[in-house]
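Working notes for the structure below.
Convention: sequence-line order gives letters A, B, ...; per-chain numbering from 1.
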There are 2 protein chains.
Amino acid sequence: MTKKSVTKPPAETETAPRRRRRKEARPAEIIAAGMQEFALRGFAGTRLEDVARRAGIAKGTIYLYFEDKESLFMAAVRERVGPAILEVASFVDGFPGTTRELLQLVIPVLHQRLVQSDLHTILRIMIGEGSTFPGLTALYYRETVLRGRELLERIVARGRARGEIRDGAAADLPLVIMAPAIMSAIWQMTFMREAPIPPERFLAAHLDLITEGLLVPEAGR
Amino acid sequence: MTKKSVTKPPAETETAPRRRRRKEARPAEIIAAGMQEFALRGFAGTRLEDVARRAGIAKGTIYLYFEDKESLFMAAVRERVGPAILEVASFVDGFPGTTRELLQLVIPVLHQRLVQSDLHTILRIMIGEGSTFPGLTALYYRETVLRGRELLERIVARGRARGEIRDGAAADLPLVIMAPAIMSAIWQMTFMREAPIPPERFLAAHLDLITEGLLVPEAGR
DNA sequence: AGGCTTAATGACCAAAAAGTCAGTTACGAA
DNA sequence: TTCGTAACTGACTTTTTGGTCATTAAGCCT
């Protein structure tokens, strides 16, 4: 092996240039490729080399657009997560029906957004590696979790005002309303292989648990 | 720097020997130190060097007792998780009271075991890095998750037989019963810093949601 | 006290992957 | 057509860390 900083001899049909200059399109492509690799290997486990290959560029190009690996991930959070929450929030205000109907509308969307899409990837990375990267966690909390909490709180406040939601510890921590959706996302990512449970079953159980509770109304007190 | 494979010159007060031979105590100590580091940095992020320092030994000593990093983690799962589940399972059989009473007894224990103790560390690593290490996931599913599912299924079957649990999608997927506990564990590990919510609030909301449901019994249908 | 077994050590090795930069080339402007 | 800019490349450097092994010494046995 005596080659040393020698570039490859092209010598082939020069139909399409091997390189393209596409300053505008690159960032989005790199983010997309990054999310796919992050989903596969987690944050620490992802090699920028692989992200580059998936995006069809060289590793160095990534550093043209992003400071480092962490910046890339943060950019992904910003681009993907923001819109999802806003979309759900929009139809809570001014919804005409009962709380039951509202929940039956919102919870499926929650599942769809959390289990489908890239959101579950981000969720997984936050859980698994958040403590190693406090900056990521803070950003994710502000941009996603906090908005989600506000949304749920608005639903509960509305339901209470209409006399449709019981006072009690559950209503005091609206966050728990979405616990089954989170569990579903975790299950799909983690134990799908060992014991497949379709997301629809989680969704059905979720709706049933929240709207009806587990026990028969009159049983024991 | 000209030292080369030269050991340090002791030349100090020879009160206690710097090394001890303690074949029996080491494994447990290494596991304990490992769990602490895993909790702090995740699986991939943990340096065996740090585990060794925490255990007060040299890195090489770890390899005297464990094949590699993965074996160490697996040993930790086996040692910690097994007993916890069995303990809970024991008082479900032959419990005399109502399902409501049983849940009010079981769910707090679930929280305690999941949020306190090392269990939440293992949970976090499974979620975050399980897909990178399928062997770990399979072991964890067999030793923990499956046993937990069986436990919940037994509770639901018992409650149905006594006419205390409603038929419905929630009862068909007993797994969802523990969703709020998992959410609590995740919250403590991940967003504690951003927005502290004490585990007791999750526990209270959990009990309330499972036993009473969210909506007022008669509202809208 | 001397010898022997083996637990324990930590310098070292090799692999992997993040990050750098001198050189290459697409492509718009002159 | 030529030229200059800067997008792009990928070999190289650096850092990090899992895993090895020759050497040391604790502690038992005789």
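- Among the protein residues, B:Tyr65 comes within range of the sugar-phosphate backbone only, with heavy atoms under 4.0 Å from sugar or phosphate atoms but none that close to a base.
- Looking at B:Glu150 and B:Arg147, no side-chain N of the basic residue comes within less than 4.0 Å of a carboxylate O on the acidic one, giving no salt bridge.
- C:dG28 atom P lies 11 Å from atom CZ of A:Arg20, rounded to whole Å.
- For B:Lys59 against D:dG18, a side-chain N or O and a base N or O form a donor-acceptor pair under 3.5 Å.
- Each of B:Arg54, B:Arg47, B:Arg53 was evaluated against B:Glu37; a single residue qualifies, B:Arg54, per the salt bridge (Lys or Arg N to Asp or Glu O under 4.0 Å) test.
- Mapping B:Arg22 and A:Arg22 onto DNA chain D via the closest heavy atom, the residue that lands nearer the 5' end is A:Arg22.
- Spacing between atom NZ of A:Lys23 and atom C1' of C:dG28 amounts to 15 Å, rounded to whole angstrom units.
- Side chain of A:Ser71 to main chain of A:Phe66: no donor-acceptor pair is present (N/O by atom type, distance under 3.5 Å, no hydrogens or angles).
- Residue contacts for B:Leu64: at a heavy-atom cut-off of 4.0 Å it reaches a base atom on one of the strands shown.
- In the set D:dG18, D:dT9, C:dA17, the nucleotide with an atom closest to the side chain of A:Arg47 is C:dA17.
- Residue B:Arg26 places at least one side-chain N or O under 4.0 Å from the OP1 or OP2 atom of C:dA8.
- Between A:Leu175 and B:Trp187 there is a side-chain heavy-atom pair separated by less than 4.5 Å.
- Judged by closest nucleotide on DNA chain D, A:Ile57 is the one of B:Tyr63 and A:Ile57 placed further toward the 5' end.
- Between C:dG19, D:dC8, C:dA8, one nucleotide has an atom nearer to the side chain of B:Arg21 than all others, and that is C:dA8.
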